[in-house]
Amino acid sequence: MKTIILGIESSCDDTSAAIIADGILLSNVTANQDVHRAYGGVVPELASRAHQQNIIPVVHEAMERAGVLPKQLSAVAFTRGPGLMGSLLVGTSFAKGFALSLNIPLMDVNHLQGHVLAHFIQEQGVTFSPPVFPFLCLLVSGGNSQIVLVKSHHEMEIIGQTIDDAAGEAFDKCAKVLGLPYPGGPVIDRLAKEGDASAFTFSKPQIKGYDYSFSGLKTSFLYTIRDYLKENSNFVEERKNDLCASLQSTIIEILMGKVRKAASDLQIHEVAVAGGVSANSALRKAFIEHGEKYHWNVYIPKFAFTTDNAAMIAITGYYKYLNGQFCDISLPPFSKTTID
Ligand code: KG4
């Protein structure tokens, strides 16, 4: 009999459901929430309401696309946290109710562990070459920037993390300064393609070890713009592409500097990237170039598995299922924590 896992993700503003059978992805359906665009960021209460509207159709669609009936499911995996409490409650409550009604086990999944294990999602007809343990994973999203030492599917250690803003937050907040829509990361990525990355210099943090900081860069970006605007009120409009390219390359230099240090100190040549910011085209290119230069085997997720998705929750749930790591129905979601 096949092991069939339903994965549910609702940590922020994407409602997603996926089906994995014996480790192979059969479906991955995500409903995005456009309602937040007008507000320049995710509004928790609106996100929660949209999850309530989306969860049943999204799960239904995922099951239908996979050709799986509820009675065939072996277990349900859900994102327990970190994330927005109101959003998490919708996915968590649905997962519990569904598992209870089918009398099947539940697995709680840490969203960040899910991002890392996205590298283990197998698709039919697609060559599967996951990272070899132990490997390093740069996990960069809207809420996190971490370097994770991944020892097994179940054992991960954060060796470095941001002490203030996350890389995605730096993209989004600087995009806001430029008057760009939310989320700003993909827009900066697009505009940077036509810009000169050496046009402007922004400050870089001097932090020991593998930790990150992006708040100084954000301030330096803001002050640079403020100073140029005094001379030319059209400055942002005229130099938007160069500003985006320079900002993006500074963020990538900061990120890659610590990954290089960790790989060299720990003598690890298996290096992966994960999380929403790993969709960035220049960061993906930097990983490939580093792989060639430093003889790393690099692992870059498919675009669909970079931002929030339930496939990564289902695959993490699958490994937990194989390991017998089930959770109790009384387990509450959590909003803030690290991968540990
Ligand atoms: O992982 P994710 O979908 O959500 C969580 O934060 O958990 O990441 C969202 C973040 C946002 O900050 C968004 O601006 C950023 O990922 N992002 C990008 C790109 N695509 C998404 N940042 C830079 N370049 C991109 N192409």
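For ligands, and for the atoms within them, numbers begin at 1 and follow the listed sequence. The analysis underlying the following values was restricted to heavy atoms, covering all of them including side chains, and did not include hydrogens, waters or symmetry mates.
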Novice: Can you list the atoms of ligand 1 that are under 4.0 Å from a heavy atom of Gly168?
Specialist: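 This gives 12 (O) as the contact atoms.
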Novice: Which of parallel (below 30°), tilted (30 to 60°) and perpendicular (above 60°) describes Phe120 and Phe133?
Specialist: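 Correct class here is parallel.
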Novice: Please identify which atoms of ligand 1 are closer than 4.0 Å to at least one heavy atom of His111.
Specialist: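 Those of ligand 1 that fall under 4.0 Å from His111 are 7 (O).
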Novice: Are Lys176 and Asp172 close enough, and set up right, to give a salt bridge (Lys or Arg N to Asp or Glu O under 4.0 Å), and what steps lead you there?
Specialist: CA-CA 6 Å; Lys176 203 167 179 177; Asp172 295 340; over 6 Å; no
Novice: Under 6.0 Å from the ring centre and within 45 degrees of the ring axis: does the NZ or CZ of Arg226 meet both conditions for the six-membered ring of Tyr223?
Specialist: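 Positive - Arg226 is close enough to the ring of Tyr223 and near enough to its axis.
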Novice: With respect to atom 15 (C) of ligand 1, which of Ile252, Asn309, Asp308, Val277 exhibits the smallest heavy-atom separation?
Specialist: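 Minimum heavy-atom distance to atom 15 (C) of ligand 1 goes to Val277.
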Novice: What is the nearest protein non-hydrogen atom to atom 6 (O) of ligand 1, stated with its residue, atom name and distance?
Specialist: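 Result: Gly142 N, 2.7 Å.
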Novice: Please confirm whether Asn280 comes within less than 3.5 Å of ligand 1 when only nitrogen or oxygen atoms on both sides are compared.
Specialist: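 Right, the criterion is met.
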Novice: Classify the ring geometry between Phe326 and Tyr321 as parallel (under 30°), tilted (30 to 60°) or perpendicular (over 60°).
Specialist: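 Correct class here is perpendicular.
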Novice: Quick check: Pro183 and ligand 1, any N/O pair under 3.5 Å apart?
Specialist: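 No; every N/O pair is 3.5 Å or more apart.
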Novice: Name all residues meeting the side chain to side chain contact (heavy atoms under 4.5 Å, CB included) criterion together with Glu194; count only those two or more places apart in sequence or in a different chain, and write none if there are none.
Specialist: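 With sequence neighbours excluded, Glu194 shows a side chain to side chain contact (heavy atoms under 4.5 Å, CB included) to Asn241, given in chain and number order.
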Novice: Tell me the protein heavy atom at minimum distance from atom 26 (N) of ligand 1, and give that distance in Å.
Specialist: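 Residue, atom and distance for the closest contact: Asp189 OD2, 2.9 Å.
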Novice: Give the numbers and elements of all ligand 1 atoms closer than 4.0 Å to a heavy atom of His115.
Specialist: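 The list of qualifying atoms is 1 (O).
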Novice: Check the pair Leu283 / Met256 against side chain to side chain contact (heavy atoms under 4.5 Å, CB included), numbers first and verdict last.
Specialist: CA-CA 9 Å; Leu283 180 60; Met256 295 313 294; 3.9 Å; yes
Novice: So, applying side chain to side chain contact (heavy atoms under 4.5 Å, CB included) with Lys204, which one of Leu217, Thr250, Ile251 is it?
Specialist: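 Single pass found, and it is Thr250.
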Novice: Considering heavy atoms of the protein only, find what lies nearest to atom 13 (C) of ligand 1 and give residue, atom and distance to 0.1 Å.
Specialist: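 So the nearest neighbour among protein heavy atoms is Asp172 OD1, 3.8 Å.
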Novice: Is the ring pair His115/His111 parallel, tilted or perpendicular, if the boundaries are 30 and 60 degrees?
Specialist: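 If you compare the ring of His115 with that of His111, the planes turn out perpendicular.
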Novice: For residues 16-29, run the donor-acceptor check on the side chains, cut-off 3.5 Å, and write out each pair with its distance to 0.1 Å, sequence neighbours left out.
Specialist:
{"residue": "Ser16", "atom": "OG", "partner": "Val29", "partner atom": "O", "Å": "3.1"}
{"residue": "Ser16", "atom": "OG", "partner": "Thr30", "partner atom": "OG1", "Å": "2.8"}
{"residue": "Ser16", "atom": "OG", "partner": "Ala310", "partner atom": "N", "Å": "2.9"}
{"residue": "Asp22", "atom": "OD1", "partner": "Thr3", "partner atom": "N", "Å": "2.9"}
{"residue": "Ser27", "atom": "OG", "partner": "Ala62", "partner atom": "O", "Å": "2.7"}
{"residue": "Asn28", "atom": "OD1", "partner": "Ala311", "partner atom": "N", "Å": "3.2"}

Novice: What part of Gln248 sits under 4.0 Å from ligand 1 if we count only heavy atoms: the side chain, the backbone, both or neither?
Specialist: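 The answer is neither; Gln248 stays 4.0 Å or more away.
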Novice: At a 4.0 Å threshold, what atoms of ligand 1 neighbour a non-hydrogen atom of Gly276?
Specialist: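 Under 4.0 Å from Gly276, ligand 1 has these atoms: 1 (O), 2 (P), 8 (O), 16 (O), 17 (N), 18 (C), 19 (C), 20 (N), 21 (C).
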Novice: Considering only heavy atoms of Thr307, which atoms of ligand 1 have at least one such atom less than 4.0 Å away?
Specialist: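 Answer for ligand 1: 3 (O).
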Novice: Taking only heavy atoms of Gly185 into account, list the atoms of ligand 1 that are under 4.0 Å away from them.
Specialist: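 It comes down to these atoms of ligand 1: 14 (O), 18 (C), 19 (C), 22 (N), 23 (C), 24 (N), 25 (C).
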Novice: What atoms of ligand 1 come closer than 4.0 angstrom to any heavy atom of Gly143?
Specialist: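 So the answer, numbered in order with elements, is 6 (O).
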